[in-house]
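Input: a single structure, listed below in structure tokens.
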Amino acid sequence: MKRLLLLTLLIIPLIGFTQKTVTITTYPQTVPDGKKWILSNKQNTLVEVNRGALNSGSLCNARFLSSPRILTGIVVGEYGQPRQIYGIIFKNLTKATFVNELTFDILPITFVKNDFNISELRSTSPENVGQSEIKFIQGQKVFVGECLSGIQVIEKDLTPTELAT
């Protein structure tokens with residue numbers, strides 16, 4: 001029993017070292033071979049918003065300060081030819097420490113695609129309008145735009161099953 005406990009205590013910290021944080025910016029980045037980038041509603045996420053999100057009267061500002069709060073602009077594809085655009089419905093907006101005034105720590109509720117209609121929130125809770133996680137897989141180009149200047153994602157190795165598909 002003591003060996004099992006010791007083994008568990010040794011393995012748990014190693015699990016954290018198999019993933020790293022990647023910052024997606026306005027410049028398209030390609031997910032490396034054998035990797036995936038993940039955004040999950042179970043994990044706080046650092047985002048950098050563009051100045052418009054803090055300027056009263058802009059659409060980004062209205063969404064950023066709405067209830068629920070919304071940020072848009074995670075793009076999969078090329079400039080001018082996006083294959084998919086995602087938005088984040090989130091809560092728990094906190095100013096991130098030791099960084100610029102545009103960086104915040106958020107807790108995503110859900111991730112919505114570009115066909116999302118905000119009027120859906122009149123009859124459905126935010127948890128039920130999108131998906132709980134976004135995965136970007138090897139070879140995909142990803143960047144941010146619209147209301148975002150940057151977002152941190154978790155990079156993990158693809159599983160053998162994911163590599164086979």
When you compare the side chains of Asn41 and Glu133, does any donor N or O come within less than 3.5 Å of an acceptor on the partner? no
Given side chains that start at C-beta, do those of Thr45 and Leu39 come closer than 4.5 Å, heavy atoms only? yes
Please check if the side chain of Gln140 supplies one atom and the backbone of Ile137 the other of a donor-acceptor pair under 3.5 Å. yes
Using side-chain contact (heavy atoms from CB on, under 4.5 Å), reason through Gln131 and Lys113 one step at a time and then give a plain yes or no. CA-CA 9 Å; Gln131 54 199 64; Lys113 294 182 179 179; 3.5 Å; yes
What heavy-atom pair brings Leu121 and Pro68 nearest, and what distance separates the two atoms? CD1-CG, 3.8 Å
Tell me whether Lys135 is salt-bridged to Glu162, with the criterion being a basic N under 4.0 Å from an acidic carboxylate O. yes
Please find the pair of heavy atoms, one from Tyr27 and one from Tyr79, that lie closest to each other, and give the distance. CA-OH, 3.6 Å
Looking only at heavy atoms, which two atoms of Phe143 and Glu78 are closest? And how far apart? CE2-C, 3.9 Å
Rounded to the nearest 0.5 Å, what separates atom OG1 in Thr26 from atom CG in Asn50? 10.0 Å
Any pair counted as disulfide bond (SG atoms under 2.5 Å apart), so long as it reaches residues 20-92, sequence neighbours left out: Cys60-Cys147
Is Ile88 linked to Val129 within one hydrophobic cluster, defined over Ile, Leu, Val, Met, Phe, Trp and Tyr using a side-chain heavy-atom separation of less than 4.5 Å? no
Answer yes or no: does atom NZ of Lys95 have more than 12 heavy-atom neighbours from other residues, nucleotides or ligands under 6.0 Å? yes
Establish, yes or no, whether the cationic atom of Lys36 lies under 6.0 Å from the six-membered ring centre of Phe136 and within 45° of the ring axis. no
State, with a plain yes or no, whether a side-chain heavy atom of Gln84 is found less than 4.5 Å away from one of Asn114. yes
Can you measure from OG (Ser56) to CG (Leu65) and round to the nearest 0.5 angstrom? 8.5 Å
Are Val22 and Ile134 connected in the hydrophobic side-chain network, where two residues link if heavy atoms are under 4.5 Å apart? yes
Check for me, please, whether Leu93 and Val49 land in the same ILVMFWY cluster - side-chain distances under 4.5 Å, paths through other members count. yes
Is there a side-chain contact between Phe111 and Phe90 in this structure, where contact means two heavy atoms from C-beta onward sitting under 4.5 Å apart? no
Mark yes or no for whether Gln29, through its side chain, and Thr25, through its backbone, hold a donor-acceptor pair below 3.5 Å. yes
Indicate if Ile106 and Val153 have the same hydrophobic cluster label, given that clusters are the connected sets of ILVMFWY residues with side-chain heavy-atom separations under 4.5 angstrom. yes
What heavy-atom pair brings Gly34 and Leu163 nearest, and what distance separates the two atoms? CA-CD2, 4.2 Å
Give, for atom CD1 of Ile109 and atom CD1 of Ile89, the distance between the pair rounded to the nearest 0.5 Å. 7.0 Å
Look at the side chain of Gln152 and the backbone N and O of Leu46, then say whether any donor-acceptor pair between them is shorter than 3.5 Å. no
Check whether any side-chain heavy atom of Glu48 sits under 4.5 Å from a side-chain heavy atom of Thr103, and report yes or no. yes
Between the OG1 atom in Thr30 and the NZ atom in Lys141, the distance rounded to the nearest 0.5 Å is 5.0 Å
Sidechain-backbone polar pair: Arg63 side chain, Ile70 backbone, donor-acceptor under 3.5 Å: no
Determine, stepwise, if the pair Val112 / Tyr86 fulfils side-chain contact (heavy atoms from CB on, under 4.5 Å). CA-CA 5 Å; Val112 293; Tyr86 292 96; over 6 Å; no
Looking only at side chains, do Glu146 and Thr72 share a donor and an acceptor under 3.5 Å apart? yes
Taking C-beta and beyond as the side chain, do Val75 and Val144 meet within less than 4.5 Å on heavy atoms? no
Compare all side-chain heavy atoms of Trp37 with those of Ile154 and state whether any distance is below 4.5 angstrom. no
Testing the basics here: between Phe104 and Leu54, what is the closest heavy-atom pair and its distance to 0.1 Å? CZ-CD2, 4.1 Å
As an exercise, state the distance from CZ of Arg51 to OG of Ser149, rounded to the nearest 0.5 Å. 9.0 Å
Tell me, do Val76 and Arg83 make a side-chain contact under 4.5 Å, heavy atoms counted? yes
Without hydrogens or angle criteria, can the side chains of Asn55 and Ser58 be said to hold a donor-acceptor pair below 3.5 Å? no
Taking every heavy atom of Gln138 against every heavy atom of Pro32, the minimum-distance pair comes out as CB-O, 3.3 Å
Would you sort out whether Glu155 and Thr21 count as a side-chain contact (heavy atoms from CB on, under 4.5 Å), showing the intermediate values? CA-CA 6 Å; Glu155 181 180 272; Thr21 303; over 6 Å; no
ILVMFWY cluster, Val31 and Ile38 together (side-chain gap under 4.5 Å): no
Contact between Ile74 and Ile85 at the side-chain level, heavy atoms closer than 4.5 Å - yes or no? no
